[in-house]
**Q** 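The structure under discussion is supplied below as structure tokens; questions concerning it will follow.
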Amino acid sequence: MTLADAVSHLSPERWEKANRLLVRKALAEFAHERLITPEEADGRYVVRSDDGLTRYRFRATRRALDHWQVDAESITRTRDGEDLPVDALDFFIELRNALGLSDEILPVYLEEISSTLSGTCYKLTKPQIPVAELARSGFQDIETGMTEGHPCFVANNGRLGFGIHEYLSYAPETASPVRLVWLAAHRSRAAFTAGVGIEYESFVRDELGEETVERFDRQLTDRGLDPADYLLIPVHPWQWWNKLTVTFAAEVARGHLVCLGEGDDEYLAQQSIRTFFNRSHPEKHYVKTALSVLNMGFMRGLSAAYMEATPAINDWLAQLIEGDPVLKSTGLTIIRERAAVGYRHLEYEQATDRYSPYRKMLAALWRESPVPSLQDGESLATMASLVHVDHEGASFAGALIERSGLPPKEWLRRYLRAYYTPLLHSFYAYDLVYMPHGENVILVLKDGVVQRAIYKDIAEEIAVMDPDAVLPPTVERLRVEVPDDKKLLSVFTDVFDCFFRFLAANLATEGILEEEDFWRTVAEVTRDYQRSVPELGDKFEQYDMFAPEFALSCLNRLQLRDNKQMVDLADPSGALQLVGNLRNPIAGL
């Protein structure tokens, strides 16, 4: 690749389109979060800059949950009566006070916006695949075909730390095969933990293959080192080149870390960037690695200390699901994080607290692949795909409904039973909550119909909100204190506002399913579940899914306030940005 080729996706036409799409999203989501208040005038909406001189005019449809569906092509920008280009960087500068962007945060946020725009330009160079075709595609084609990222966050593809050559090598949308770097880590500073029935030697040989393990062992013995003194750790290539070779220089110099080179298998980066699907052997485990890149409000590291309890937490949850008849009847499964390895840099640990990014630079976990669990005729798709919209404005969910031949309400009911009912039951029966956004759920499909859901990213994302729950010692870290009035936000915010809001709007726009019918179906499935477990009636009254309103919890406000550490990990519920209330779309239905 020449120097010029590296930026060939950044053409004026694509840049203009990317900016228009991003400003559309910013207007929609910032209006939703009440950071800006569009005024209606002459059948259009107007948003003014901080100084009142620049005006953004646009057309929009307002839907349930105060969702703003903004028409990207209708957006104009004028200043003193003069037409100006729609430019995202100017937008954030012109509205910096309204958005609460501090002098410290603004330039970094603009860098994240620039990276997000650049990624959109790259995606615009790819062949535009109609959703009807994507709905018949394979698991990884769907995964790499996503174009939007998180539906709520405006700066959702920051990936600060990636240069353009690294973006092209490691971003999920580029679908570039990646070989992981393997390090030997001295057991005095490294630990391997695994679920029941897993033993280190055989696990590593199954994952890497006999020949590769023997090659790595020879490299150690050739240096006069004993392979038995070391554990193997898979590392993201970016992490090796950019962090470990410098930040962990002492560990390499002392022989605590030995670089063994690349493994033989090829992997594909998933939507979460640091998780890899094994393309060479799809039945083998995913590998999740530490990646010290700033993306969407966090440094995407992986804690060595957290890794120690990860397999036990996954075994505990798998056992709970297996033993619960309601969860079992929905078909819910998890793909367990079966083994984990972490490396502790003792000097950085002395210098930092347990939440520091310096403690999250070298760790990895292995997560089961969903592929071996498939029955004949079944296929997989990330749930994020349901809100994907193609270049012609058609949604992936709409294409699945078309393919299924089912009435849209019936298709929706089956999806809700697979995905939403388990969330309700986990909450009411166990005070157990997940982070069930689109990237953390895999759907099992057959002829376009959702058969069942697979939850993933378990150990770092689930929590138990019951202070009196009896938990095994290894699972104790899941316990969190959340005020009673905020507990149901785990459903209202994460499911209703951050996912169903977009799915309902897309289906209504396409004329596939009216919004009221969408939310009535959600209400019916909620009542069906509640009738099936009358013994939990007191909990249904205490935490009312049909309450008239719920608090509006704002994600972009978190990132605009602090885009390096969005949430205080020691007090996640205390970090919420709550601004007024939203009308509950299933109240009264």
**Q** Using the ring-ring contact (aromatic ring centres under 6.0 Å, His included) criterion, which residues pair with H186? Sequence neighbours excluded.
**A** Y230
**Q** Are side-chain heavy atoms of V495 and L423 found at a separation under 4.5 Å?
**A**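 Yes, close enough: below the 4.5 Å cut-off.
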**Q** Per the side-chain hydrogen bond (donor to acceptor under 3.5 Å, both in side chains) rule, what does the pair list look like for residues 444-459, sequence neighbours excluded?
**A**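 Qualifying pairs, neighbours excluded: K288-D457, R367-D457, E378-R452, E439-K456.
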**Q** Check ring-ring contact (aromatic ring centres under 6.0 Å, His included) between Y419 and all other residues, then give those that pass, not counting sequence neighbours.
**A** Y415
**Q** Using the six-membered ring of F162, assess whether NZ or CZ of R300 lies under 6.0 Å from its centre and within 45 degrees of the ring axis.
**A**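 No, cation not above the ring by the 6.0 Å, 45° rule.
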**Q** Return the CH2 to CG distance between W182 and L260, rounded to the nearest 0.5 Å.
**A** 10.0 Å
**Q** Listed by chain and number, what are the side chain to side chain donor-acceptor pair (under 3.5 Å) partners of K284, not counting sequence neighbours?
**A** D265
**Q** Listed by chain and number, what are the side chain to side chain donor-acceptor pair (under 3.5 Å) partners of R403, not counting sequence neighbours?
**A**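 For R403 there are no side chain to side chain donor-acceptor pair (under 3.5 Å) partners, ignoring immediate neighbours.
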**Q** Sequence neighbours excluded, which residues qualify as side chain to side chain donor-acceptor pair (under 3.5 Å) partners of T352?
**A**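 By the side chain to side chain donor-acceptor pair (under 3.5 Å) rule, T352 matches R359.
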**Q** Can you list everything that forms a side chain to side chain contact (heavy atoms under 4.5 Å, CB included) with V252? Sequence neighbours excluded, please.
**A**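 With neighbours one apart ignored, the set is W240, L257.
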**Q** Tell me every residue that passes salt bridge (charged side-chain N to carboxylate O under 4.0 Å, His left out) with E266, counting only those two or more places apart in sequence or in another chain.
**A** R179, R279
**Q** Residues two or more places apart in sequence or in another chain: which of them pass ring-ring contact (aromatic ring centres under 6.0 Å, His included) with Y348?
**A** H345, Y358
**Q** Only counting residues at least two apart or in another chain, list the ones meeting ring-ring contact (aromatic ring centres under 6.0 Å, His included) with Y343.
**A** none
**Q** Could you tell me which residues satisfy side chain to side chain contact (heavy atoms under 4.5 Å, CB included) with D431, sequence neighbours excluded, listed by chain and number?
**A** M465, D466, K487, K539
**Q** Taking it one step at a time, do N314 and E337 satisfy side-chain hydrogen bond (donor to acceptor under 3.5 Å, both in side chains)?
**A** CA-CA 6 Å; N314 278 262; E337 289 145 6; 2.9 Å; yes
**Q** Could you work out, with side chain to side chain donor-acceptor pair (under 3.5 Å) as the rule, every residue matching S118, not counting sequence neighbours?
**A** H9
